[in-house]
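One structure is given here, and the rest of the page talks about it.
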Amino acid sequence: MNKKTIRDIKVAGKKVFVRVDYNVPMDKSGQITDDTRIRATLPTLKYLLEQEAAIILASHLGRPKGSPVAEFSLAPIGRKLAALIGQDVVFAPECVGPVAQSMAKALQPGQILLLENLRFHKEEEKNDSAFAGELASLADVAVNDAFGVSHRAHASVEGITRFVPAVAGFLMEKEIAFVGGAVANAARPFVAIIGGAKVTDKIGVIENLLQKVDTLIIGGGMANTFIAASGYGTGKSLVEADKLDLARSLIGQAKERGVNLLLPADVVIADRFAADAAHKVVAINAISEDWMALDIGPASQQAFAQALVGAKTVVWNGPMGVFEMDAFAKGTEAVAKAVADSGAISIVGGGDSIAALEKTGLASKISHISTGGGASLEYLEGKVLPGIAALADKE
Ligand code: ADP
Ligand code: MG
C-alpha cells in the first residue's frame, strides 16, 4: 500500500482530526440499533490514545441537508462511544466556530472530543474551502477512517487535506489493502462473483473486473438478463429489456479476453414472488412462461463452488437469489460457504451480500468485509476515490 497510515507519522502530543463514519442506524426514540460502525473505529482510536494524541472526531449522521436538525445530533453517539471505549468523550455542540476552536484548544493528549454533525453545514458536502480550512485549524493532522464517504470529495474528507497532512486510519488501511489490492494487483487465479438484483447497478464493476479476473461468475436477478440475452425464455423473471445488448457485449468481451464467464446452468423458479410460492428447479432452457427465476439451482451452486477451488483472490458482490426468503436463499448460502472455504483472499461487499453472509455465520472466515456500499462499488469500478487519493503517499 502506497498511502501513509497513522503508523507512519508522529502523532504523540498532536491534535489529530479523525474523520469517521458514525452514520449509524437509530430507531424513532433515538436509540442506536447497530453500533458496528462505532466499534469498527476503536482500533484506530485506541492506537492514537496509546500514542498520546488528542483526538478530534468528526462524522455526518443522516441527511440534515445543511442546517441543524436535533434528531441528527451526534450527542448520543458520543455517549455510546464513551461506553464502548471506557473513557469520557467531550462533545462540541458545533463542528466549527469559536466554541469548537476553544474546546479543541483545551483538549489534552489522551482525550477525545467529538464534533457535532458535519452536515449541519452545507459547506461540508460542497467541499467549501473556507469550511475545510476551519476544520483543519482545529488539528495538526487529519486521519481518514471513513471509507464509506471516501468516494465523495467533501470538506472533511478531501478539502481538509489541502490544509493539514492526511493519512489513513486502520479501517481505511484495510479497505485500501484488500479492495484496492484486488483491483490493482490481485493474486491469481482471481475470481469475481457478481449478483444482486440488477445489471444496471453493477455495469461499471462488471466492465472493470472483466479486465482483471480469470473467472467471472454471474448470478442473482441480473443473471436473468444474461440468460435472456443468450436466447432463453425467462418467463416472468426480473429482466432488464434495455440491457440485453449490453449483456451480449459483456459476454463477447469475456470471450475476447479469455475470461471464463459462468452463468447459472439451472435456476429455482417460483409461480409468484412470495416466500410460500410453489417452486422447483429447472435447467435454464426450461423456465416456464408464467414462472420466475428467484435463485440459482444446485448444479449452478456446484459449478460456482468448483470454480473457486484453487482461487487465490475472490471478490463477491451481490446475492445469488432472493435470499430474504428461505426457499430462495440456498444459492447464496452455497456461494457464501464456497467463498469462506476457498482459502483465497476473500473480499465481500454490498449491504445485502454482507447481511446474507452474516446470516450464514461464516463472516469470520472472510478476509475482508468492505464497509462502504457506494464507495466499495466505485472502488471495484476502478474509479479514483477522492478521499483516498488525497492521503499522503509513502516516501
Ligand atoms: P448488494 O446490496 O449486496 O450489493 P444488491 O442490492 O445488488 O446486493 O441485490 C440484492 C437484492 O437482489 C436482494 O434484495 C435480492 O432479493 C435481490 N435478488 C437477487 N436475486 C434475485 C432474483 N432472481 N430476482 C429478483 N430479485 C433478486
Ligand atoms: Mg443492496
Side-chain angles (χ1 to χ4, degrees), residues 25 34 36 147-148 151 179 192-206 208-209 216-229 232-241 243 247 263-277 279-282 284 287-288 290-298 300-301 304 314-336 339 346-360 362-363 366 368-381:
D34 182 356
T36 308
F147 175 70
H151 57 319
V179 187
I193 309 161
I194 309 293
K198 293 191 287 168
V199 186
T200 308
D201 299 337
K202 293 175 187 172
I203 298 169
V205 175
I206 297 173
N208 187 44
L209 291 182
L216 176 64
I217 296 173
I218 294 196
M222 72 162 68
N224 298 325
T225 299
F226 285 86
I227 292 170
Y232 300 109
T234 45
K236 293 209 162 112
S237 306
L238 171 71
V239 170
E240 292 155 275
K243 293 290 176 301
L263 294 169
D266 61 349
V267 286
V268 180
I269 57 171
D271 65 348
R272 314 174 274 134
F273 190 87
D276 61 350
H279 55 90
K280 60 187 175 191
V281 174
V282 297
I284 64 160
I287 300 175
S288 320
D290 286 335
W291 293 51
M292 57 186 80
L294 295 184
D295 195 10
I296 59 169
S300 310
Q301 290 172 25
F304 291 3
V314 178
V315 166
W316 175 30
N317 183 298
M320 296 293 102
V322 184
F323 73 98
E324 297 93 334
M325 302 177 190
D326 286 344
F328 312 110
K330 293 195 186 68
T332 303
E333 284 163 15
V335 162
V339 174
S346 52
I347 299 143
V348 179
D352 292 296
S353 310
I354 293 166
L357 176 69
E358 285 185 341
K359 242 167 100 181
T360 63
L362 295 166
I366 302 301
H368 180 63
I369 298 177
S370 183
T371 51
S376 50
L377 276 183
E378 289 196 20
Y379 215 1
L380 291 174
E381 285 171 15

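In each ligand, atom 1 is the first atom listed, and ligand 1 is the first ligand listed.
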CG on Leu380 to CG on Asn208, rounded to 0.5 Å: 8.0 Å
Interatomic spacing from CG in Asn224 to CG in Leu263 - rounded to 0.5 Å: 10.5 Å
Polar atom proximity, Gly196 to ligand 1 (N or O, under 3.5 Å): no
4.5 Å side-chain heavy-atom contact, Leu238 and Phe273: no
Atom indices of ligand 1, in the order listed, that fall short of 4.0 Å to a heavy atom of Pro319: 3 (O), 8 (O), 9 (O), 10 (C)
Subset of ligand 1 atoms that lie under 4.0 Å from at least one heavy atom of Gly220: 20 (N), 23 (N)
N/O/S atom of Asp201 inside 2.8 Å of the Mg ion (ligand 2), strictly under: no
side-chain contact (heavy atoms from CB on, under 4.5 Å), paired with Ile347, selected from Ile369, Val314, Val179: Val179
Contact check: Glu324 vs ligand 1, nitrogen or oxygen atoms, below 3.5 angstrom: yes
Protein contact of atom 12 (O) of ligand 1 - nearest heavy atom, named by residue and atom, plus distance: Ala197 N, 3.1 Å
Whether Tyr379 and Phe147 hold their rings parallel, tilted or perpendicular, with breakpoints at 30° and 60°: tilted
Verdict with reasoning, Phe328 to Val268, per side chain to side chain contact (heavy atoms under 4.5 Å, CB included): CA-CA 7 Å; Phe328 312 110; Val268 180; 3.9 Å; yes
Spacing of NZ belonging to Lys330 relative to CD1 belonging to Ile296, to within rounding of 0.5 Å: 12.0 Å
Non-hydrogen side-chain atoms of Val267 and Val282 separated by less than 4.5 Å: yes
Atom 4 (O) of ligand 1 - nearest protein heavy atom and its distance: Lys202 NZ, 2.9 Å
Residue, atom name and distance, where the atom is the protein heavy atom closest to atom 23 (N) of ligand 1: Ala293 O, 3.1 Å
Proximity to ligand 1 by part of Asn317, non-hydrogen separation under 4.0 Å: side chain
Name of whichever N/O/S atom of Asp352 is nearest to the Mg ion (ligand 2): OD2
Residue part near ligand 1, for Ala356, under 4.0 Å between non-hydrogen atoms: neither
Ligand-residue contact atoms, ligand 1 with Val322, heavy atoms, under 4.0 Å: 16 (O), 19 (C), 20 (N), 21 (C), 22 (C), 24 (N), 25 (C), 26 (N), 27 (C)
Minimum heavy-atom distance Pro264-Gly219, with the two atoms named: CG-CA, 4.5 Å
Atom NZ of Lys198 with >12 non-hydrogen neighbours under 6.0 angstrom: no
Sub-4.0 Å heavy-atom contact, Lys198 with ligand 1: no
Polar atom proximity, Ser353 to ligand 1 (N or O, under 3.5 Å): yes
Ligand 1 contact on Met292 by region, counting heavy-atom pairs under 4.0 Å: neither
Protein contact of atom 20 (N) of ligand 1 - nearest heavy atom, named by residue and atom, plus distance: Gly221 N, 3.0 Å
For atom 19 (C) of ligand 1, closest protein heavy-atom neighbour: Gly321 O, 3.1 Å
Distance from atom 10 (C) of ligand 1 to nearest protein heavy atom, with residue and atom: Asp352 OD2, 3.5 Å
Rounded distance [0.5 Å steps], NZ in Lys359 versus CD1 in Ile354: 15.0 Å
